[in-house]
Visitor: 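The structure is given below, and queries will be raised subsequently.
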Amino acid sequence: MRNPPRIAKLKPEEIEAIQRLEEKLGNRFCLLAVEKAEKLYVIEAKIAPNLWERIDKVYPQLEGLKPYYDSEEDARLAKASIKSLLSGKLKGSLEKRPIRIRKL
């Protein structure tokens, strides 16, 4: 399961740089600084030759489908579950597509 993002610890000059950038962008945006995760995995489905999309966008009918995982093991388990669902219970109702795990 994906861990929530952690607020980044910034130096005063980094905060000022962010504030200057916000001013340039106008009042429509608020920039946040969060710590990067060490590893992040995304589950994607192939929608065309050389074109992959997040699994939740390809299969919006499957509610609660999460595309991102902190752990490769969790991503592999989720991929296996999705594949078995598409070839079992939902066989024929949804188009079965190649599925991959990509490390970000």
Visitor: Test of understanding: clusters of I, L, V, M, F, W, Y form through side-chain heavy atoms closer than 4.5 Å, transitively. Do L77 and L85 belong to the same one?
Guide: no
Visitor: Minimum heavy-atom separation for I55 to P67, with atom names?
Guide: CG2-CA, 4.1 Å
Visitor: Report, as yes or no, whether the 6.0 Å neighbourhood of atom CD on Q61 holds more than 12 heavy atoms from other residues, nucleotides or ligands.
Guide: yes
Visitor: Sequence neighbours left out, what passes side chain to side chain contact (heavy atoms under 4.5 Å, CB included) with P60? Give chain and number order.
Guide: none
Visitor: Applying side chain to side chain contact (heavy atoms under 4.5 Å, CB included), run through V42 and I101 and close with a yes or a no.
Guide: CA-CA 6 Å; V42 62; I101 297 171; over 6 Å; no
Visitor: With sequence neighbours left out, write down each residue that passes side chain to side chain donor-acceptor pair (under 3.5 Å) with E72, or none if nothing qualifies.
Guide: R76
Visitor: Where is the tightest heavy-atom contact between A75 and I43, given as atom of each residue plus distance?
Guide: O-CD1, 3.5 Å
Visitor: For the atom pair OG (S87) and CD1 (I82), what is the distance rounded to the nearest 0.5 Å?
Guide: 12.0 Å
Visitor: Please report the C-alpha distance between L40 and Y68 in whole Å, then the side-chain angles of each, then the deciding distance to 0.1 Å, and finally whether the side chain to side chain contact (heavy atoms under 4.5 Å, CB included) criterion is met.
Guide: CA-CA 7 Å; L40 192 61; Y68 296 106; 4.2 Å; yes
Visitor: Who are the side chain to side chain contact (heavy atoms under 4.5 Å, CB included) partners of S71, not counting sequence neighbours?
Guide: E73, D74
Visitor: In the hydrophobic clustering (ILVMFWY, side-chain contacts below 4.5 Å, transitive), which residues join L32, or is it alone?
Guide: none
Visitor: Please examine the side chains of Y59 and L94, heavy atoms only from C-beta on, and report whether any two atoms are closer than 4.5 Å.
Guide: yes
Visitor: Begin from the C-alpha positions of I47 and W52 and carry the test side chain to side chain contact (heavy atoms under 4.5 Å, CB included) through to its verdict.
Guide: CA-CA 6 Å; I47 57 175; W52 295 80; over 6 Å; no
Visitor: Please list all pairs meeting side chain to side chain donor-acceptor pair (under 3.5 Å) that have one or both residues in residues 95-104, counting only residues at least two apart or in different chains.
Guide: E44-R100, E44-R102, E95-R97
Visitor: Taking C-beta and beyond as the side chain, do K83 and I99 meet within less than 4.5 Å on heavy atoms?
Guide: yes
Visitor: Which atom pairs, one a donor and one an acceptor, fall under 3.5 Å between side chains of residues 8-26 and the rest of the protein, sequence neighbours left out?
Guide:
unit_1	atom_1	unit_2	atom_2	d
E14	OE1	K11	N	2.7
E22	OE2	L31	N	2.7

